[in-house]
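Below: the structure, in structure tokens.
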Amino acid sequence: MSGPAPILKVDKLCKAFGGIVVADNVDVTIDRGEILGLIGPNGAGKTSLFNLVSGVLKPDSGAIYLDGALVTGDPLYRRARSGVARTWQNMMLFKTMSVMENLLIAPRDYPGEKIGRLLLMTGRVRAAEQAAKARALGILDRLELGRAADANVTDLPFGHQKLIGLARALMNDGSLLLLDEPMAGVEGAAYETMQRVVREEAASGRAVCVVEHNVSFIKDLCTRAVFMAQGRILETGSVDDLLKSKVLTDLYFGV
Amino acid sequence: MEYILNIGVQVAIFIILASSYNLVIGYGGLASVAHPIFYAFGAYGASLLSIHFGVPAVLAVVAGGLIAALASVALALSSLRVSGDYLLIASLGFQLGFLQVIRNFDFTGGAGGLSTIPSTITGAYRTPAFLALTVSCAIATVWLISRIVQGPYGRAITAMRDEELAFTALGRNAMSIKVVVFAIGCGIAGIAGGLYAFYYQYVSPDQYEVLQSAAILTMVVLGGMGTTWGPVVGAILLIAVPQAITFLNLPPSVMAPVQGIIFTSLVLLFLFLRPSGLVGGSGSKPKVGSESATGATGAKT
């Protein structure tokens, strides 16, 4: 591949739990500004790939490069600081906290988590808090959820909670955004908003990867998609081409 | 009068212990039963430094706190690395093991304890002076802990307790927060131990039994786990109530079981009727870092 280095490069990644292979020699690249779709039947290894890239799981072998730097051995928290932002299938919001607090905890740089800084460098902590608050309000406005800032996250409707999951990931201004089934259970206005914001993020230069069963969402957003089954990448190409392949659709729809 | 002042010192020491235990278990969600042994590390550390090396009392108390904090880091690093659940078992082993060590070494005075701790304040004002000192330390403890659990750090602790995986995936170092919270809580318990040692000039292993953590936990639960003032109210009540019973002039053989029954019934009653404790709100879940996002509402135009 020529041109600038990809934001994410996954090289011959392997991971197995006992006999169950979740990643079998997986190679994926995502370029700046690209929205890559990740499709395949349940148990194909899509979420596992997200877990490997974001650092939740350690691969058995293979390498992961972020912005050209090897990050395979980095622990989960450091991976996020290097610029991997992600959402979760089941959202995993902080349930006892308000929408605003869910977002304020999420910037890459959070000086308030060091007790020494908290007690001695109050100026720096306060400045970071102010910056985070402004950023959070901006993101909530883009998602048309500015009014919900002080609400407890569990008091919001499901679709809005999904958007808060996205908003929290957007607090991380890194180069890679992983979205795990962002549309599951989302409809109406929230659907439109989700689509718009994901497009805007890619347009701003991020690399985005979406795991999604909603094929029309993938068709609308992605120029390229990857089809996975049993931990392997079976095919990469345009969404239309992938959906034309009878072998793949049979696998996907379980015929 | 002396008697009342003496109870005041005890209450202050237990406010320090209960508040620090609340930081560990109530806010941090770290299930440790080893709080008494960190109290012991502080008491023995300060006493031995003072007896054998002539270290001035104030320095000895601070050093006792540091020893307790360092020991807690060793326990936390070994058990929290695997999973939070291991802390309960590891802390139990730590508590029982080190108490046996203290009980069996000549250096620590064995089962008889240490009774040659130098007197630091003498004369008629000794008890009032200690009361002022311990109450000041109690106020400082409550202030420090409330400072920690508010704002960005408290928010991090709450988020970590809510969803640790999502929290870590945002770039937050959950392990470091747990170790720090545990070390601060245990270090403060160590300082309480040092204060105790210099006030009573006597420490013995019996005062740091694992059951002591049940008493401290009772104070925390009764007052309100995960609240700033809960442990304070709990400590005052649970020191004062048993003292009031002594006025009934019951024989010691009856007194101990009666106090045990009262403690147990109080805990059971509170768990059923008011799980959030006396100070806690109507909800049963502790909430920290709830500083409201001022100016957030109405920003949408």
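No hydrogens, no waters, no symmetry mates; every other heavy atom, side chains included, goes into these values. We name chains A, B, ... by the order of the sequence lines, and we start the count at 1 in each one.
Between atom CG of residue B:L170 and atom CG of residue A:N172 there is a gap of 8.0 Å, rounded to the nearest 0.5 Å. Here CZ of B:R147 is found 9.5 Å from CD1 of A:I115. Values are rounded to the nearest 0.5 Å. With values rounded to the nearest 0.5 angstrom, A:F94 atom CZ is found 11.0 Å from B:M160 atom CE. To the nearest 0.5 Å, the span separating CD on B:E163 from CE on A:M91 amounts to 10.0 Å.
For A:R135, the CZ atom sits in a packed shell: over 12 heavy atoms of surrounding residues, nucleotides or ligands are nearer than 6.0 Å. More than 12 heavy atoms of other residues, nucleotides or ligands lie within 6.0 Å of CG in B:L269, so this atom counts as buried by the packing criterion.
The existence of a salt bridge linking B:R155 and A:E129 is confirmed by a sub-4.0 Å separation between a basic side-chain nitrogen and an acidic carboxylate oxygen.
Applying the salt bridge (charged side-chain N to carboxylate O under 4.0 Å, His left out) criterion to A:D173, with sequence neighbours excluded, gives A:R108. In this view, A:R196 and A:E144, A:E200 satisfy the side-chain hydrogen bond (donor to acceptor under 3.5 Å, both in side chains) rule, not counting sequence neighbours. Contacts of A:Y77 classified as side-chain hydrogen bond (donor to acceptor under 3.5 Å, both in side chains), with partners at least two apart in sequence or in another chain: B:N173.
Per-residue counts of heavy-atom pairs under 4.5 Å with chain B were compared for A:A169, A:P107, A:A136, A:A85; the largest is that of A:P107. In terms of heavy-atom pairs under 4.5 Å with chain B, the best-connected choice from A:R78, A:M171, A:E113 is A:E113.
For B:A169 against A:A80, the heavy-atom pair with the smallest separation is O-CB, 3.1 Å. Heavy-atom minimum distance, B:A166 versus A:R168: CB-NH2, 3.7 Å.
Contact of B:L165 with chain A is made through backbone and side chain together, with heavy-atom distances under 4.5 Å.
Checking side-chain atoms of A:Y110 against main-chain N and O of B:Y153 turns up no donor-acceptor pair under 3.5 Å.
Contacts from residues 49-76 of chain A to chain B, taken as heavy-atom pairs separated by less than 4.5 Å, involve A:V56, A:L76 in sequence order.
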